[in-house]
Structure formats: C-alpha cells, structure tokens
Amino acid sequence: MEKPGKPYVTVLLVDVGTTAGGLDAQTIAALGNWVTVVLDPAAPGVTEAAESYRAAGLEVAMLAGPLPAGAVAQDLEVALAAWQRAVPQAVALVEPETPVLQGKAPLLAQAEKALAAEGMAYVTQPGGIGARATGDVPRAGIFRVLDTRRDKAAVITRTLDRAGFEAARDGATVVMLSAWPESVAGLTAWAAEEGAKYNLAPLSALIGAGKAK
C-alpha cells in the first residue's frame, strides 16, 4: 500500500545465481514484491527463474547483454528479441555496471523504440545520461550500485541510509545490488529499521507514480 507523502526507494536486485555464491531463488522471492529482480538473459535456466519469480508475485527485469563489436541496429534488434524471450514479462531493460547502450545514440534510439512498443522501461547506470534519445519509453537512473566490492552487510546498510537521504531530497531513488548473502543481509536489516520512512516499491510502481527520472 502506498504511503502518501513518503519518498520512493526502488531496489533492483540482480540474481547472480547460486553457482557464483548468490542466494537461491526461493530466498530471494521470500523478500517480497517490493524488490525488482534483475536477470541475466544468458544465465542457465533464466526463463524458468523468471517464471518462478513472477508466480511468486515479484516483477523481473532483464540485464542488457554484450553486443558484437561494431553492432548496428539489426544486431540490437536480434539481441533484444532474444533477451525478451529469455526473460518473459520483463518490465525493463537494465544497463549492467559496464553499460551497453548508454552514450550510443543510434543504438539507444533503436532500443527505446523497441522497448516502447513492448511497454518496457529503460534503466541507466549512474552518471550515464549520455546521449538521450527521444521516445515514449519511461526512464529511471540508478543512484548507486551498492556492492561493487562485495561489501559487508553493515556497509550496505549505511549506503542505503545515503540512498534514503537522496530519496527524501528528490522524491525517489533507485539502487542496484546483487543477491550476495551479505548484501541481502544489509538490505533486509535496513528495510526492517528504516523501511517505514519510505515507499519501498518495485520499479513499475516508481514509474507508475511518475517518480522515475
């Protein structure tokens, strides 16, 4: 339920898989539908994982994958179609930490056209406004990737406090982290302690409320 007057905090949680040391899908799903799970379209079993999350009431987004060197619009069209097949019902295309499309105006214009046709959003990495394409696709910018150094839970919690300050100032903020055990421990501790101050909401709610930037 929306909390009138409260700022929005959206968490994009990347499912890195148990093989890499991340939490399993059942544990991630148990967090609840206030997180948006980001899936790598190239990951083994990704389609089944996406369907499982959706069945549990969580929304999913797809991570942009690498493109061929010198990629043109046709390469992007093929890639987008493959990503969408791999992650059905994705609400957005999310740039990875090393962006694929940011700053590449021709490819970005093609991507935004395709995303708009599917009713999907586009999420950029910090500092990656770059060349903005025109179009009807909703955009959201990530304030910070919280765990690039596999930080301990206490560090994640403190960084979320800073993200909360950003949300209070601007009305909304988006953060991204991976489903490492220590990252999720920090996230859940912060949500339990500070969550009442915010609308903890998935990406679609942020965009639907007109808070995305």
Side-chain angles (χ1 to χ4, degrees), residues 10-69 71-102 107-108 110-125 136-140 142 145-147 174-181 183-184 187-188 201-208 212:
T10 289
V11 174
L12 304 179
L13 185 63
V14 183
D15 182 352
V16 294
T18 55
T19 303
L23 293 174
D24 63 89
Q26 185 176 7
T27 302
I28 294 171
L31 292 171
N33 62 6
W34 58 280
V35 300
T36 295
V37 181
V38 182
L39 296 166
D40 179 352
V46 65
T47 303
E48 293 76 9
E51 292 170 346
S52 176
Y53 285 124
R54 294 292 301 131
L58 282 73
E59 69 182 29
V60 296
M62 60 188 192
L63 201 64
L67 295 173
V72 296
Q74 185 175 4
D75 296 315
L76 178 61
E77 182 179 346
V78 171
L80 279 171
W83 299 342
Q84 288 172 309
R85 286 194 302 271
V87 188
Q89 296 184 285
V91 300
L93 175 68
V94 179
E95 290 279 16
E97 290 182 48
T98 301
V100 174
L101 300 172
Q102 286 175 205
L107 290 180
L108 182 54
Q110 176 73 14
E112 290 202 325
K113 180 179 178 181
L115 293 171
E118 296 293 333
M120 296 173 64
Y122 173 57
V123 182
T124 60
Q125 284 289 324
D136 298 324
V137 76
R139 280 194 179 215
I142 295 169
V145 180
L146 303 185
D147 55 357
V174 179
V175 296
M176 183 173 175
L177 67 162
S178 296
W180 309 119
S183 296
V184 173
L187 173 65
T188 53
L203 183 64
S204 60
L206 182 81
I207 291 169

Where [X] and [Y] come nearest, the two heavy atoms and their spacing:
{"X": "A179", "Y": "D15", "value": "CB-CA, 4.5 Å"}
{"X": "G21", "Y": "P181", "value": "O-CD, 3.4 Å"}
{"X": "P138", "Y": "I207", "value": "CB-CG2, 3.6 Å"}
{"X": "L76", "Y": "A111", "value": "CD2-N, 3.6 Å"}
{"X": "A92", "Y": "L203", "value": "CB-CD2, 3.5 Å"}
{"X": "L58", "Y": "N33", "value": "CG-CA, 4.1 Å"}

Out of curiosity, [X] [atom1] to [Y] [atom2], how far, rounded to the nearest 0.5 Å?
{"X": "M120", "Y": "Q84", "atom1": "CE", "atom2": "CD", "result": "5.0 Å"}
{"X": "D136", "Y": "L115", "atom1": "CG", "atom2": "CG", "result": "12.0 Å"}
{"X": "Y53", "Y": "E48", "atom1": "OH", "atom2": "CD", "result": "12.5 Å"}
{"X": "K113", "Y": "L108", "atom1": "NZ", "atom2": "CG", "result": "14.0 Å"}

Are any non-hydrogen side-chain atoms of [X] and [Y] less than 4.5 angstrom apart?
{"X": "L101", "Y": "L93", "answer": "yes"}
{"X": "V94", "Y": "M176", "answer": "yes"}
{"X": "P88", "Y": "T47", "answer": "yes"}
{"X": "V60", "Y": "E51", "answer": "no"}
{"X": "L177", "Y": "L13", "answer": "yes"}
{"X": "L67", "Y": "L107", "answer": "yes"}

Would you confirm whether [X], through its side chain, and [Y], through its main-chain N or O, come within 3.5 Å as a donor-acceptor pair?
{"X": "E97", "Y": "V145", "value": "no"}
{"X": "Q102", "Y": "Q125", "value": "yes"}
{"X": "Q110", "Y": "E77", "value": "no"}
{"X": "T36", "Y": "L12", "value": "no"}

List the steps and the verdict of side chain to side chain contact (heavy atoms under 4.5 Å, CB included) for V46 and D40.
-> CA-CA 7 Å; V46 65; D40 179 352; 5.9 Å; no
Apply side chain to side chain contact (heavy atoms under 4.5 Å, CB included) to the pair V137 and E118, showing each step before the final yes or no.
-> CA-CA 9 Å; V137 76; E118 296 293 333; over 6 Å; no
Cut-off 3.5 Å, side chains only: do E95 and T124 have a donor facing an acceptor?
->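 There is no such pair between these side chains.
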